[in-house]
Amino acid sequence: MFRCGTVAIVGRPNVGKSTLLNRLVGQKLSITSDRPQTTRHRIVGVVHRPDAQLLFLDSPGYQTRVGGPMNRVLNRTSMQVARDADVVVLVCDARNWTTTDTRIAQALPGDRPVLLAMNKVDLVKDKALLLPAIDRVRRVREFDAIVPLSARSGRQVELLVDECAKRLPEAPPLYDADALTDRSERFLAAETIREKLFRQLGDELPYTSTVEIEQFEELPQLRRIHAAIVVDREAQRPIVLGAGGERIKRIATEARLDLERLFGTKVFLELFVKVKSGWADSEQSLRSYGYE
Ligand SMILES: Nc1nc2c(ncn2[C@@H]2O[C@H](COP(=O)(O)OP(=O)(O)OP(=O)(O)O)[C@@H](O)[C@H]2O)c(=O)[nH]1
Ligand SMILES: [Mg+2]
């Protein structure tokens, strides 16, 4: 008997959904940072087991505070991912349950298994506090399983895989035995660059920035990539460049090292800044940039 199906990873921003996806797959597929809504696109991470293939779907953090076009698109993607999956894993921060968590928990589909992953237990010093916390979330809705875990250390992550696997439908594997994701190298390159941009710029980063791959050349042992960091005002260009261009250089170096590891090839990466005013001002324009 073999099981195969999709598992949605949903929750509010910053609780560690992407870190969890990467830990599950054992590769850095999905970008992570301290900023809310780092993830903007759904991405599949494939987990192979002798008796199951699990297709985990990372999703943007669902937030209730900001209401621009980008946030609307991201919230929609987040809920759509939950509706498309066989099993849903709601991720929360084990240290605090918020009203946003409650809203998401209650909006999740009622006709399929919903599991709760209480993440970041490595930051919970007094583990005795977990029990009352579990009691509280049980009152919000019914969960098929509650697993306290740490995506960072890997603690109890295997247990979550077991709990998900046994709830998947009986079906043959959908992906090849060596497949890790549904996304192209081109997509992974754009995302890795965006991660470095997010991490380097912190609060200075204009929320509406993205990365466009202008050229992606696949040679035997080499990827030649030209990419633009797209911002929406001329005044943001120097922020991304940094003094004497040192900041964009650092972004390029860090992205190149990650991509060389991910692709297992050498990477030649050239980055520049492009100003496109209003690119994120409407849902229609966002769609032309690959936002669902
Ligand atoms: N200590 C600790 N930190 C974690 C853990 N999991 C994630 N983090 C950190 O939490 C921050 C957010 O992690 P992400 O994986 O980007 O969170 P996310 O839920 O995908 O966030 P969005 O994509 O913005 O919705 C990062 O700084 C992670 O390093 C964990 O188990 N323990
Ligand atoms: Mg994420």
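Note: hydrogens, waters and symmetry copies are ignored here, and every other heavy atom, side chains too, is used. We count ligands from 1, going down the list as the structure has it; atoms in each ligand are counted the same way.
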Considering only non-hydrogen protein atoms, determine which one is nearest to [atom] and report residue, atom name and distance to 0.1 Å.
atom	value
atom 17 (O) of ligand 1	Gly16 N, 3.1 Å
atom 19 (O) of ligand 1	Lys17 NZ, 2.7 Å
atom 32 (N) of ligand 1	Asp122 OD1, 2.8 Å
atom 15 (O) of ligand 1	Thr19 OG1, 2.6 Å
atom 10 (O) of ligand 1	Lys120 NZ, 3.0 Å
atom 27 (O) of ligand 1	Asp34 OD1, 2.6 Å
atom 29 (O) of ligand 1	Arg152 NH2, 2.9 Å
atom 12 (C) of ligand 1	Asn14 OD1, 3.0 Å

Answer with yes or no whether the hydrophobic clustering places Leu168 together with Leu159; edges join I, L, V, M, F, W, Y residues whose side-chain heavy atoms lie under 4.5 Å apart.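 Yes, same cluster.
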
Note to self: Can you confirm, on distance only, whether ligand 1 has an N/O atom lying under 3.5 Å from any N/O atom belonging to Ser33?
What the structure shows: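 Ser33 vs ligand 1: N/O contact under 3.5 Å present.
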
Any chance [atom1] of [X] has more than 12 other-residue heavy atoms, nucleotides or ligands included, within less than 6.0 Å?
X	atom1	answer
Lys125	NZ	no
Glu142	CD	no
Gln215	CD	yes

Proximity of [X] to ligand 1 by residue part, where a heavy atom lies under 4.0 Å:
X	result
Val91	neither
Thr39	both
Pro36	backbone

Review point. Should Arg35 be listed as contacting ligand 1, given a heavy-atom distance under 4.0 Å as the test?
Key: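 Under 4.0 Å: yes for Arg35.
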
Sort by chain and number the protein N/O/S atoms that are closer than 2.8 Å to the Mg ion (ligand 2), and list them.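 N, O, S partners closer than 2.8 Å: Ser18 OG, Thr39 OG1.
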
* Taking all atoms of both residues into account, what is the closest heavy-atom pair of Val46 and Thr181, and its distance? ->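 Where Val46 meets Thr181 most closely, the heavy atoms are CG2-N, 4.0 Å.
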
- Message: Pairing donors with acceptors under 3.5 angstrom, does anything connect the side chains of Arg199 and Thr32?
- Response: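 Side-chain D/A pair, Arg199 to Thr32: present.
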
- Verify whether one side chain among Thr98 and Arg12 offers a donor that lies under 3.5 Å from an acceptor in the other.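 Indeed, the side chains of Thr98 and Arg12 share at least one donor-acceptor pair under 3.5 Å.
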
